[in-house]
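Working notes, beginning with the structure itself.
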Amino acid sequence: MRTLEEQLRFLKRRAVDIIPERDLVKKLERSQRTGRPLRVKLGVDPTSPDIHIGIGIVLQKLRDFQELGHTAVLIVGDFTARIGDPSERASQRKMLSKDEVTANMKAYKEQALKILDPERTEFRYNSEWLETMDFAKLLELASKYTVAAMLERDDFAARFREGNPISIVEFLYPLAQGYDSIAIEADVELGGTDQRFNLLVGRALQERYGQEPQVCFLMPLLEGLDGAKKMSKSHGNYVGITEPPNEMFGKLMSIPDALLEKYVQLLTDLDWEELKQLHPKEQKEKMAHAVVARYHSKEAADRALEEFERVFARKERPADVPKLSLDKKLLKPDGTVWIVDLVSLVAKSRSEAKRLIEQGAVELDGVKITQFDTHVRVRDGMLVRVGKHTFAEISLTE
RNA sequence: GCCGGGGUACCGAAGCGGCCAAACGGGACGGACUGUAAAUCCGUUGGCCUAUGCGCCUACGGGGGUUCAAAUCCCUCCCCCGGCACCA
């Protein structure tokens, strides 16, 4: 058994803020004494079934709690998702059906359990208590919080000041999320730093409902691959934890250098002080390797590294190239094919295919083609390259 | 309810009868450069047609109309935003 001090140090790794730390100490101590595990809550959004490595950081922390014997409670925000998050603006306000939520969650669970210990994980849906909440109960909940307190949230305050609209539903959101903590009697709630306000509301509400307030445990947000916005699927700057090794590796290599230290610190156990002595490219490769190793395996990471070197550094042919089936009917009697016909098999449109050819993006067996008005003789197994990242191997079909 | 502003391509935003597939910026994509990237530079960015042509089709919230000609004018509907009014 680890000492309290060791546990605390273990849990504090990578945490940005723990509000308040003394409560965490108190809870850990009591748990150890009574043998009752802490209930550690994490709210998950069921609108997208993909877990990216940014969320992976938070899940790892949950895992840390589990290793100390505590219980992870994943709350699926199915009810709140069906209303649609008002902060995401009208275009995003898609209502999810029950079926969609179920399907998303199935995928989500599978991925989350790559990190979490299934023995110590509870999945709960917040529709369980929110859907059946009647108006009287809602009024009770609403009475526990004030407008002034709501306006402490920065973006509310700013919008209010500037006369921009804030819908009532937006006020209800933190309340609903906070109520989740009451429903499952959370001891600790994890979240990204963007969740600070919401987690604090949960803490306050629990107290007003006569519960012991939760500890708010804030984890850093991972910036996306572009280094500008936070990692998220909607920004297209993310790495999913189930992505194939090569893809994961490649994406991680594409981050700007300025982001490297953060990635190393948040995603790997590498020693940054030591690492930064190396050539920048090597630093990045080590980081990418470590991440791939974590979500796949050491062997997969080795292969991904080797593959990356081969394709991008030495500009050689990748090990695995998808087959591109080419119908023999497209061939002219003399066995050639019009280059535009060929490229449009991998391009969005024929116009795009033509553009790519003229821009010198197309290579056949290493030979660059820049005239769209050409016919080429193809053979089975010929390597087609379009741009930096698209490779295909022709296979002729009847 | 009233008054005013607005809805343009992936996003932001100009255009306000023909020269508009629509300036400009961002993004994305391609090329050069590199350390793989970033930065920088150059180019592309609705679709179709063997194809750089004063080519064809579709497109400026939906529908209808005026006109030789509409993103641009008129009617109508929908949606968004702001102000006023209302406020037990």
Side-chain angles (χ1 to χ4, degrees), chain A residues 84 86-93 139 147 159-168 223-229 232-239 245-264 275-289 291-292 301 304-316 318 330-334 336-344 346-364 366-376 384-391:
Chain A
S87 66
E88 306 249 322
R89 289 288 115 205
S91 59
Q92 288 266 112
R93 204 186 294 149
L139 289 180
V147 172
R159 281 154 69 190
F160 187 69
R161 203 180 324 114
E162 283 151 30
N164 289 326
I166 303 169
S167 95
I168 300 294
E223 283 168 72
L225 299 168
D226 52 6
K229 302 182 211 100
S232 120
K233 190 169 194 191
S234 52
H235 295 140
N237 59 2
Y238 77 111
V239 182
N246 287 349
E247 206 143 312
M248 196 181 256
F249 196 96
K251 281 188 175 182
L252 290 166
M253 286 302 282
S254 80
I255 62 168
D257 286 358
L259 222 56
L260 184 61
E261 180 179 353
K262 207 168 221 173
Y263 270 54
V264 170
L275 194 69
K276 73 181 184 192
Q277 311 297 327
L278 303 174
H279 184 277
K281 187 187 168 201
E282 265 179 78
Q283 296 175 20
K284 222 181 258 183
E285 283 179 340
K286 286 236 170 8
M287 180 277 292
H289 183 275
V291 176
V292 174
L305 169 62
E306 194 187 315
E307 174 78 356
F308 187 86
E309 279 292 318
R310 174 167 49 222
V311 178
F312 296 104
R314 300 202 299 273
K315 298 205 192 304
E316 287 168 19
L330 280 172
L331 298 183
K332 293 272 148 76
D334 63 352
T336 63
V337 65
W338 185 31
I339 188 69
V340 173
D341 282 332
L342 182 62
V343 175
S344 56
V346 294
K348 280 209 268 313
S349 66
R350 314 195 88 215
S351 301
E352 170 141 308
K354 185 192 167 201
R355 266 181 241 127
L356 287 166
I357 295 163
E358 291 182 325
Q359 289 177 134
V362 176
E363 266 179 27
L364 292 182
V367 182
K368 198 172 267 198
I369 312 276
T370 52
Q371 295 291 315
F372 77 89
D373 194 16
T374 47
H375 285 76
V376 291
V384 183
R385 176 177 193 164
V386 178
K388 283 190 186 115
H389 307 286
T390 309
F391 293 88

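Just so you know, these numbers use all the heavy atoms, side chains as well, and skip hydrogens, waters and symmetry mates. Residue numbering restarts at 1 for every chain, and letters A, B, ... go by the order of the sequence lines.
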Using only side-chain N and O atoms of Ser351(A), determine if any of them is under 4.0 Å from OP1 or OP2 of G46(B). no
Find the distance Ile369(A):CD1 to U50(B):C1' and express it as a whole number of Å. 16 Å
Strictly distance-based, threshold 3.5 Å: is any side-chain N or O of Lys276(A) a donor or acceptor partner for the main-chain N or O of Glu261(A)? no
Residue met sooner reading RNA chain B from 5', once Phe372(A) and Gly250(A) are mapped to nucleotides: Gly250(A)
G55(B) versus G4(B) - spacing of their P atoms, nearest Å: 43 Å
Show the nearest heavy-atom pair for residues Val343(A) and Ala353(A), with the distance to one decimal. CG1-CB, 3.7 Å
Counting only Watson-Crick or G-U wobble pairs whose two distances fall under 3.5 Å, which nucleotide matches G30(B)? C42(B)
Can you tell me how far P in C24(B) sits from the matching atom in A14(B), rounded to whole Å? 15 Å
Give a yes or no on whether the backbone of Val340(A) and the side-chain of Ser344(A) come within a donor-acceptor separation of less than 3.5 Å. yes
Leu259(A) atom CG is separated from A37(B) atom C1', nearest whole Å, by 11 Å
What's the gap between U45(B) and C68(B) when it is taken at their C1' atoms, as a whole Å value? 33 Å
So, does Lys368(A) get its side chain near the phosphate of A32(B), meaning an N or O under 4.0 Å from OP1 or OP2? yes
When all nucleic acid strands are considered with a 4.0 Å heavy-atom cut-off, which category describes His375(A): base, sugar-phosphate, or nothing? base
When the distance from CZ of Phe249(A) to C1' of U36(B) is rounded to whole Å, what number comes out? 10 Å
So, does the side chain of Lys286(A) form a donor-acceptor pair with the base of U36(B) at under 3.5 Å? no
Closest approach to the side chain of Arg355(A), judged atom by atom: which nucleotide of C48(B), U45(B), U36(B) is it? U45(B)
Given the P atoms of G64(B) and U58(B), what is the spacing between them in whole Å? 14 Å
Check every atom of C48(B), G31(B), G35(B) against the side chain of Lys388(A) and return the nucleotide holding the closest atom. G31(B)
Gap between atoms NE2 and P, on His279(A) and U36(B) respectively (whole Å): 8 Å
Only pairs with both distances under 3.5 Å count, Watson-Crick or wobble alike; so what is the partner of G12(B) in this structure? C24(B)
Pair partner, G82(B) [Watson-Crick or wobble, under 3.5 Å]: C3(B)
For a quick check of understanding: with a heavy-atom distance under 4.0 Å over all strands, which category does Lys354(A) fall into, base, sugar-phosphate or nothing? base
Looking only at side-chain atoms of Pro256(A), point me to the closest of U44(B), A38(B), G31(B). A38(B)
With a 4.0 Å cutoff (strictly under), does any side-chain N or O of Arg350(A) reach OP1 or OP2 of C49(B)? yes
U66(B) pairs with, by Watson-Crick or G-U criteria that keep both distances under 3.5 Å: none
Distance check, P atoms only: C60(B) and A22(B), in whole angstrom units. 16 Å
Considering only the C1' atoms, how many Å lie between G5(B) and A9(B), rounded to the nearest integer? 23 Å
Less than 4.5 Å apart, any side-chain heavy atom of Glu309(A) and any of Lys281(A)? yes
Kindly confirm whether the side-chain ring of Trp338(A) is stacked on the base of U50(B), judged by centres under 5.5 Å and planes under 30°. yes
Name the closest nucleotide to the Gln359(A) side chain, picking from G30(B), A51(B), U50(B). G30(B)
Complementary nucleotide of C48(B), counting Watson-Crick and G-U pairs under 3.5 Å: G55(B)
Determine the interatomic distance between P on G63(B) and the same-named atom on C56(B); round to the nearest Å. 24 Å
Taking atom P of U50(B) as reference, at what distance in whole Å does atom NZ of Lys332(A) sit? 9 Å
5' precedence on RNA chain B between Asp373(A) and Ile255(A) (nearest-nucleotide basis): Ile255(A)
Is there a Watson-Crick or G-U wobble partner for C19(B) with both distances under 3.5 Å, and which nucleotide is it? none
P atoms of G61(B) and A13(B), separation to the nearest Å: 14 Å
State which of G43(B), G35(B), C48(B) makes the closest approach to the side chain of Lys284(A). G35(B)
Okay, side chain of Arg355(A), backbone of Ile357(A): is any donor-acceptor separation there less than 3.5 Å? no
How about Leu364(A) and Leu342(A): do any of their side-chain heavy atoms sit closer than 4.5 Å? yes
Quickly, which of Gln283(A), Lys284(A), Met287(A), Lys286(A) forms a side chain to side chain contact (heavy atoms under 4.5 Å, CB included) with Val264(A)? Name it, please. Met287(A)
Would you say U36(B) has OP1 or OP2 under 4.0 Å from some side-chain N or O of Ser254(A)? no
